[in-house]
Amino acid sequence: MSANQPILVVGSVAFDTLHNSLGTHPKVLGGAATYASLAASHFTDVRLVGVVGRDYPDDAIAMFRDRGIDLEGLTVADGLTFHWEGRYTDDLTSRTTLKTELNVFADFMPEIPESYRDTPYVMLGNIAPALQLKVLDQVRNPKLVVADTMNFWIDGARDDLLKLLPRVDVLVINDEEARQLSGRHHLVHVASDLLDLGPKSLVIKQGEYGAWLFAGEQMFSAPAFPMAAVDPTGAGDSFAGGFLGYLAGRDAVDPDSLRAAVIHGSTLASRCVAGIGVTDLLTLDAGEIDERVTAFRRLVDFPGA
Ligand code: AMP
């Protein structure tokens, strides 16, 4: 077994304008692939596939390069970078999308460079399921495919999503969307319905309440790290990037590694929400990751029993 395999991340690279109780944060770096790549880069080498416009700044490119992220798959197209704008309630429990300006992302057609096609670990960020299928048609024998999706595709592209799911190893989805896809409420029913659709394993995220892993006969529950978030943007993508990056960093997909990956994904998500945009994902170091993993263990450990 050779450790430290690379991961391929496909998804949005964006500017986000965020409104929260601290004020307005115009055009900070965002996008699902940005968060997932930066989170994963703490564990392994990352190959990024996405598109930006000519307005995308050099210092953002430098930020990825500084984290060792391979950008051969990042296309710079004529036009403007995808821009998303959202407003959070003061308690950060919900947000409203004010603007989605797709710009160059509207014509995104993921082209996987030849040098990326044998990447063993693949993260299909939240894009149209038809495009996620196109990515899978271009990669050769991946060892583990993780996919994210959202309500928009569950409603609007269900047939493509149903074609995708049997080709996915781990579906990572939030509880609301999981219930929408299943049509039932209780998580055990929802998990059983979703696993029947084809993914080998399932992670259901419950935001501040943590995450569940359903893999074969085993269930695993992880709390979210208790803390006051500053900006929840990208928490789900950081979870997914941390989860897959951890597995690729160890080149392991056994049930115990999947459990540990949930904790590492939660660790990256809890660091992500501690600052605006991607700031905390950039300053985090290996010692801090280990400390938080230990703190997670202490949350659920009861050695006296
Ligand atoms: P999350 O907070 O995990 O839902 O992810 C937020 C990120 O998703 C932001 O950085 C946005 O740029 C990005 N995003 C928002 N809307 C879309 C969309 N329709 N397609 C792809 N990415 C999006």
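For ligands, and for the atoms within them, numbers begin at 1 and follow the listed sequence.
- Of the candidates F152, F82, F105, the one placing a heavy atom closest to atom 14 (N) of ligand 1 is F82.
- Taking each heavy atom of A211 and V262 in turn, the nearest pair found is CB-CG1, 4.3 Å.
- With respect to the salt-bridge test (charged N to carboxylate O, under 4.0 angstrom), the residues R140 and E114 qualify.
- Scanning the protein for heavy atoms near atom 21 (C) of ligand 1, the closest one is S12 OG, 3.5 Å.
- Ranking the protein heavy atoms by distance from atom 2 (O) of ligand 1 puts G234 N, 2.7 Å first.
- If you look at H264 and F43, their ring centroids are closer than 6.0 Å.
- Nearest protein neighbour of atom 5 (O) of ligand 1, counting heavy atoms only, is D237 OD2, 2.8 Å.
- Taking only nitrogen or oxygen atoms, main chain and side chain alike, T233 does not reach within less than 3.5 Å of ligand 1.
- Taking each heavy atom of L29 and V278 in turn, the nearest pair found is O-CG1, 3.8 Å.
- For ligand 1, the atoms closer than 4.0 angstrom to any heavy atom of G31 are 9 (C), 10 (O), 12 (O).
- Between R65 and E72 there is no salt bridge, since no side-chain nitrogen of the basic residue lies less than 4.0 Å from a carboxylate oxygen of the acidic one.
- Of all atoms in ligand 1, numbered sequentially from 1 with element shown, those under 4.0 Å from a heavy atom of A14 are 12 (O).
- For ligand 1, the atoms lying closer than 4.0 Å to a non-hydrogen atom of Y35 are 10 (O).
- Contact between E101 and F82 at its shortest, heavy atoms only, is O-CD1, 3.1 Å.
- D16 and H83 form no side-chain donor-acceptor contact under 3.5 Å, judged by distance and modelled atom types alone.
- Contact record, G79 with D55: O-OD1, 4.1 Å, taken as the closest heavy-atom pair.
- Not a single N or O atom of G30, backbone or side chain, sits closer than 3.5 Å to an N or O atom of ligand 1.
- Looking only at protein heavy atoms, the nearest one to atom 12 (O) of ligand 1 is D16 OD1, 2.6 Å.
- The heavy atom nearest to atom 4 (O) of ligand 1, out of those in M150, K205, R95, is found in R95.
- Side-chain N/O atoms of D160 and W153 include no donor and acceptor closer than 3.5 Å.
- Protein heavy atom closest to atom 16 (N) of ligand 1, with residue, atom name and distance, is W84 CD1, 3.7 Å.
- In terms of protein heavy-atom proximity, atom 8 (O) of ligand 1 is closest to A32 N, 4.1 Å.
- Close approach of ligand 1 to G236 (heavy-atom distance below 4.0 Å) involves ligand atoms 3 (O).
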